[in-house]
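Labels below follow one simple rule: chain letters A, B, ... track the order of the sequence lines, proteins then strands, and each chain is numbered from 1.
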Number of protein chains: 2
Amino acid sequence: MSRSPNDTRRPLTLRDVSEASGVSEMTVSRVLRNRGDVSEATREKVLEAARTLGYVPNKIAGALASQRVNLVGVIIPSLSNLVFPEVLSGISAVLEDTGLQPVVGVTDYSPEKEERVLYEMLSWRPSGVIIAGLEHSAGSRAMLENAGVPVVEIMDVDGPGVDAVVGISHRRAGRQMAEAIVAAGYRKIGFLGTKMPEDHRARKRLEGFNEGLAQAGITLTDTEFYSGGSALLKGREMTEAMLARTPDIDFLYYSNDMIGAGGLIYCLEKGLDVPGQLGLAGFNGVELLAGLPRQLATMDACRREIGSKAAEIVAARAANPGPGGEIIELEPVIQRGDTIR
Amino acid sequence: MSRSPNDTRRPLTLRDVSEASGVSEMTVSRVLRNRGDVSEATREKVLEAARTLGYVPNKIAGALASQRVNLVGVIIPSLSNLVFPEVLSGISAVLEDTGLQPVVGVTDYSPEKEERVLYEMLSWRPSGVIIAGLEHSAGSRAMLENAGVPVVEIMDVDGPGVDAVVGISHRRAGRQMAEAIVAAGYRKIGFLGTKMPEDHRARKRLEGFNEGLAQAGITLTDTEFYSGGSALLKGREMTEAMLARTPDIDFLYYSNDMIGAGGLIYCLEKGLDVPGQLGLAGFNGVELLAGLPRQLATMDACRREIGSKAAEIVAARAANPGPGGEIIELEPVIQRGDTIR
DNA sequence: ATGAAAGCGCTAACAC
DNA sequence: GTGTTAGCGCTTTCAT
């Protein structure tokens, strides 16, 4: 590949394009951003010069000068959870045609890391922030309150938000599932979930679930928690353990579909009568379930829609600032599948 | 929450901290970056002022002035592939303690989108770029060549790279799997994969697989391709279709573990004799497989290690520029599992 | 150990 | 339709 005149490795600037095209920097800038009136002739000249030089604009300088950054910070606990990539894709799809760009930060469910990631993001002065959850450290909360840009807290509506909130009520989701299970006649019910105090949404689902059971005068018969490892495998193991410990249990409520799927596979393998003798349910409505031999009962967490609504709020307010404080509660629906009788 | 003196929504600047602490902007800057000698007393004053004001530095201005950006662009085809989040976590883990930050861009396997994402990233003048694959549009390749920062192409080593390359040989991986299958005595072999011309690594695996078979005088008995939808479900459906069409087939090679897992579940459900009558193998070594009743034969794609090696190269060269052009080929290993006799 | 001046590469605002 | 000027908020460099 032959080297262009600019053979020193110095990055190209507007000035280089300006000189190469014989047009002022300002006009070059206008052409490159499609702003203001530029004659077709100059336009051509400039684009030609930019292309042959291989000029890539410096957004850092542009952002500093214009006080505008087309970035939206998206802060989520994990990428390996399957749920968050889906939220992300909802966000991306909407931002795609707004000129805004998502930038992802991952917290690993750690409030300290969330605070660091948030600080890092805000120091780039993004046009908005989308952040998972309502629970944040005092420092994070202060930063969000003072960010001076739209903030959308997603996934969860059970609690007060800093600004806009888009999500579902996990408490209610848990309650509804409890009601459905009780209505189906199950009475000895076990819960299997993650040992993660920082997963507030799973915690709220369990609280709601207990409330729902309590309403029918029932309490959980057994519980089992795990942390780390392959969720599918853990689901198997926990199910095996619980069935061994509490043989007469008649329903297993899993805090997520992956461990639920592991449990389902185990039960089918053992030839257990599902849903006759033993009912099963998970949470999330992940696509994976469609490939299993039996459809696990679950509840759609509206992941993509949460992403797209959140992105819409940010995009709308980036375009013209409003008062903020939007609250959007989505309604998850129980998918009974084949594992509740 | 009470408002601080700065009640106009103007973002805080170094100057605000400087005034609040009675110290020059320069010294404030030094304190905030831990650079140069600052007396403990001033240090305290400054930090105190910054904290109470809630000052967040403006990295845009900082980057412009210092010509240094602690960002590393990471460009991958997809987040829902399970493989890429693992690569990412390898990258993050290494960058964590280097002061560099990964910024992710997703291409959806589209060269045009890759070019746009790359352009966008380079316009932020990152300290390095990690990009999946060796195949890029002419435009992308030109940008990579002229970026003036370390570029690491990952996942694949079958072809020439722009700068550094970290990955495995998918062609060889396919060949090795073919050899193992033939050695186990299977002869009527089917391939099931994605209908994605843009997935060059899957294509190379298939090419290598065919080469491996050809060496034993065998050609593929049947093939089946899919696109979109739940991979697990597609694996089921394709397996069903192929077994119906070619009942005497004795081995199914899947282009990835998700469809392989779907196929395995289907076969077990139908009570087929795996691996006696019918052998199965996938590719990737995803964690999910551990939860299945039978272990699918597969090949570890070294995802996390690819990520960490790539990050190490970028970090090393960000610290002190070298000649570049590192080539690291990792060696995937066949995991025979329970589905090859 | 601290401060002053210059300037990073671009765009807003205003001429012409 | 095009050019000029000033300055975005920091850091570099040099002075003290």
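The existence of a salt bridge linking B/E326 and B/K309 is excluded, since no basic side-chain nitrogen approaches an acidic carboxylate oxygen closer than 4.0 Å. With salt bridges taken as basic N to acidic carboxylate O contacts below 4.0 Å, none links B/R116 and B/E120. Between B/R10 and B/D16, at least one side-chain N (NZ, or NE/NH1/NH2) sits under 4.0 Å from a carboxylate O, which counts as a salt bridge.
For the pair A/D16 CG and C/dC10 C1', the interatomic distance rounds to 13 Å; values are reported in whole Å. When rounded to the nearest whole Å, the span between CE of B/M26 and C1' of D/dC14 equals 12 Å. A/I60 places its CD1 atom 14 Å from the P atom of D/dC10, with the value rounded to the nearest Å. Whole-Å rounding puts the A/R35 CZ to C/dT11 P distance at 9 Å. For B/K59 and D/dC10, the NZ to P distance is 12 Å, given to the nearest whole Å. Following rounding to the nearest Å, A/W124 (CH2) and D/dG9 (C1') show an atom-to-atom distance of 13 Å. The separation between B/D37 atom CG and C/dT2 atom P is 9 Å, rounded to whole Å. In this entry the distance linking CG of B/N70 with C1' of D/dT11 reads 15 Å, nearest Å.
Heavy-atom distances to DNA chain C give each of A/P57 and B/G36 a nearest nucleotide, and the one nearer the 5′ end belongs to B/G36. Closest-nucleotide positions on DNA chain C for A/L14 and B/V23 were compared, and the one nearer the 5' end corresponds to B/V23.
Listed candidates were C/dT2, D/dC10, C/dG9. Nearest to the side chain of B/L64 is C/dG9.
Here the side chains of B/E96 and A/K113 are in contact, with some heavy-atom distance below 4.5 Å.
The shortest distance between the side-chain N/O atoms of A/R10 and the OP1/OP2 oxygens of C/dG9 is not below 4.0 Å. For D/dG3, one of the phosphate oxygens OP1 or OP2 lies less than 4.0 angstrom from a side-chain nitrogen or oxygen of A/S24. In this structure, A/T13 does not reach the C/dG9 phosphate: none of its side-chain N or O atoms is under 4.0 Å from OP1 or OP2. Close to D/dG9, at under 4.0 Å from its OP1 or OP2, lies a side-chain N or O of A/Q67. Between B/S29 and the phosphate of D/dC10, there is no side-chain N or O to OP1/OP2 separation shorter than 4.0 Å. Remark: B/R68 is in phosphate contact with D/dT12, judged by side-chain N or O atoms under 4.0 Å from OP1 or OP2. Of the side-chain N and O atoms in A/T42, one or more sit less than 4.0 angstrom from OP1 or OP2 of D/dT2. A sub-4.0 Å separation between OP1 or OP2 of D/dT12 and a side-chain N or O of B/R33 is present. In terms of phosphate contacts, A/S39 brings no side-chain nitrogen or oxygen within less than 4.0 Å of OP1 or OP2 of D/dG1. Proximity of A/R15 to the phosphate of C/dG9: no side-chain N or O atom is located under 4.0 Å from OP1 or OP2. Checking the phosphate oxygens (OP1, OP2) of C/dG9, no side-chain nitrogen or oxygen of A/Y55 falls inside 4.0 Å.
Within 4.0 Å of B/N58, counting heavy atoms only, lie sugar-phosphate atoms of the nucleic acid but no base atom.
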Test side-chain contact (heavy atoms from CB on, under 4.5 Å) applied to B/R43 and B/N34, step by step: CA-CA 9 Å; B/R43 202 187 143 63; B/N34 294 312; 3.4 Å; yes
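Side-chain atoms of B/R30 and base atoms of C/dG3 include a donor and an acceptor less than 3.5 Å apart.
Contact between B/A93 and B/R304 at its shortest, heavy atoms only, is CB-NH2, 3.8 Å.
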